[in-house]
Amino acid sequence: MQNSDRHVNRERHPDFADNQFTHPPHPAPPEDAEGGNGTHSSYGAGHPHLVMTGVEGGGAEFPLTGEVTTIGSAPDNDIELPGLLPHHARITHTETDEYVLDSIGETTTPSAGEASPTDDAPTGARLRHGSGFKIRGLGFVFQRAEYADHGRPFGGRGGGEGEKQPQQAPPPDYRPAHEAARAAERSTHDGAPPVVDEEGSPREHH
């Protein structure tokens, strides 16, 4: 079965494997995941979060605990910040255990893709440990423990840019955990009290 992670923009990330799920899934995270040499761990592991940069006194930290984290100026966002569009951007936790940034307004990342040549509203931007982006001048850095962020194994950056990196085992099939997390999130929203706007009309949960 081919990888069906539609969230990752292949023009931005041509290294993203189309055949990620052709191998048998691991029955459990690899033994070397926690504190070892690999970068595949359990679904959502590694304390994924955003840290604001360029903020006097230290940046605020925003844990990415949901399957979708929304950013904007409207009060129904997970991260509410003034000066942005009402629903400016979102970060999706995908079925391949990646975190992907999509934006509909002014947002800059280090490199633009073919789908957004000026990078004013990137779509499908995969976030790995240390990935930075700015939304209307507000800086953010994505952080996740490297044992879980699916980056380069066996020392990664510490192994030397010019060194050949040995291959690690393929990642587990995260789809069952992803579907369970989505179901749990839907259940939470279904059981929550209705959200209303300023006029008292019901509004959908994000």
Side-chain angles (χ1 to χ4, degrees), residues 3-9 12-13 16 20 29 33 39-53 55 59-105 107 109 121-136 138-151 171-197 202-206:
N3 169 18
S4 59
D5 193 338
R6 66 190 184 283
H7 298 282
V8 177
N9 185 334
R12 297 182 66 98
H13 306 289
F16 194 79
Q20 185 161 350
T39 62
H40 308 314
S41 189
S42 55
Y43 185 75
H47 183 46
H49 60 282
L50 295 179
V51 175
M52 288 190 72
T53 60
V55 179
E61 181 177 311
F62 303 101
L64 301 177
T65 56
E67 293 304 284
V68 176
T69 300
T70 56
I71 305 171
S73 59
D76 62 342
N77 284 286
D78 299 299
I79 302 175
E80 182 186 350
L81 296 168
L84 307 184
L85 296 175
H87 299 96
H88 202 113
R90 68 181 180 185
I91 295 173
T92 303
H93 187 196
T94 77
E95 63 184 44
T96 56
D97 194 40
E98 299 282 2
Y99 288 83
V100 175
L101 171 69
D102 293 288
S103 178
I104 63 169
T107 303
T109 57
T123 59
R126 181 182 61 193
L127 301 176
R128 291 278 174 82
H129 178 68
S131 295
F133 59 94
K134 287 187 176 182
I135 301 178
R136 289 192 173 175
L138 298 175
F140 299 87
V141 173
F142 174 79
Q143 295 188 351
R144 185 181 191 184
E146 289 192 89
Y147 72 80
D149 88 334
H150 310 293
D173 185 347
Y174 292 108
R175 289 173 294 180
H178 174 71
E179 289 303 321
R182 290 182 63 194
E185 201 163 80
R186 285 194 297 267
S187 176
T188 299
H189 284 173
D190 290 344
V195 178
V196 297
D197 60 23
R203 182 174 61 205
E204 288 187 3
H205 290 279
H206 58 80

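Values below: every heavy atom of this structure, side chains too, minus hydrogens, waters and symmetry copies.
When all heavy atoms of Gly44 and Tyr99 are compared, the closest pair comes out as CA-OH, 3.9 Å. Between Ala45 and Ser41, the shortest heavy-atom distance links the atoms CB-OG, 3.8 Å.
With values rounded to the nearest 0.5 angstrom, Thr69 atom OG1 is found 11.0 Å from Leu101 atom CG. Interatomic distance, Asn77 CG to Leu84 CG, rounded to the nearest 0.5 Å: 8.5 Å. Atom CZ in Phe140 sits 14.0 Å away from atom OG1 in Thr109 (nearest 0.5 Å).
A donor-acceptor distance shorter than 3.5 angstrom exists from the side chain of Thr39 to the backbone of Gly151, with no hydrogens or angles considered. For the pair Ser73 (side chain) and Pro82 (backbone), a donor-acceptor distance under 3.5 Å is absent. Looking at Ser103, its side chain does come within 3.5 Å of a backbone N or O of His88 through a donor-acceptor pair. In this structure, the side chain of Thr92 does not engage the main chain of Thr94 through any donor-acceptor pair within 3.5 Å.
The existence of a salt bridge linking Glu185 and Arg182 is excluded, since no basic side-chain nitrogen approaches an acidic carboxylate oxygen closer than 4.0 Å.
Partners of His87 under the ring-ring contact (aromatic ring centres under 6.0 Å, His included) rule, at least two apart in sequence or in another chain, do not exist in this structure. In this view, Phe62 satisfies the ring-ring contact (aromatic ring centres under 6.0 Å, His included) rule with no residue, not counting sequence neighbours. Every residue two or more places apart in sequence or in another chain that forms a side-chain hydrogen bond (donor to acceptor under 3.5 Å, both in side chains) with Glu67 is listed here: Tyr43, His93, His178.
Checking Thr70 against Asp78 by side-chain atom types alone, a donor-acceptor pair falls below 3.5 Å.
Looking only at side-chain heavy atoms (C-beta outward), Asp97 and His40 stay at 4.5 Å or farther from each other.
With respect to Gln143, the side-chain hydrogen bond (donor to acceptor under 3.5 Å, both in side chains) criterion is satisfied by exactly one of His129, Glu61, His49, Arg128: His49. The only option from Ile135, Asp102, Leu138 that meets the side-chain contact (heavy atoms from CB on, under 4.5 Å) definition with Thr107 turns out to be Ile135.
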Next on the checklist: Determine whether Phe133 and Leu50 satisfy the following criterion, side-chain contact (heavy atoms from CB on, under 4.5 Å), listing intermediate values before the conclusion.
Outcome noted: CA-CA 10 Å; Phe133 59 94; Leu50 295 179; 4.0 Å; yes
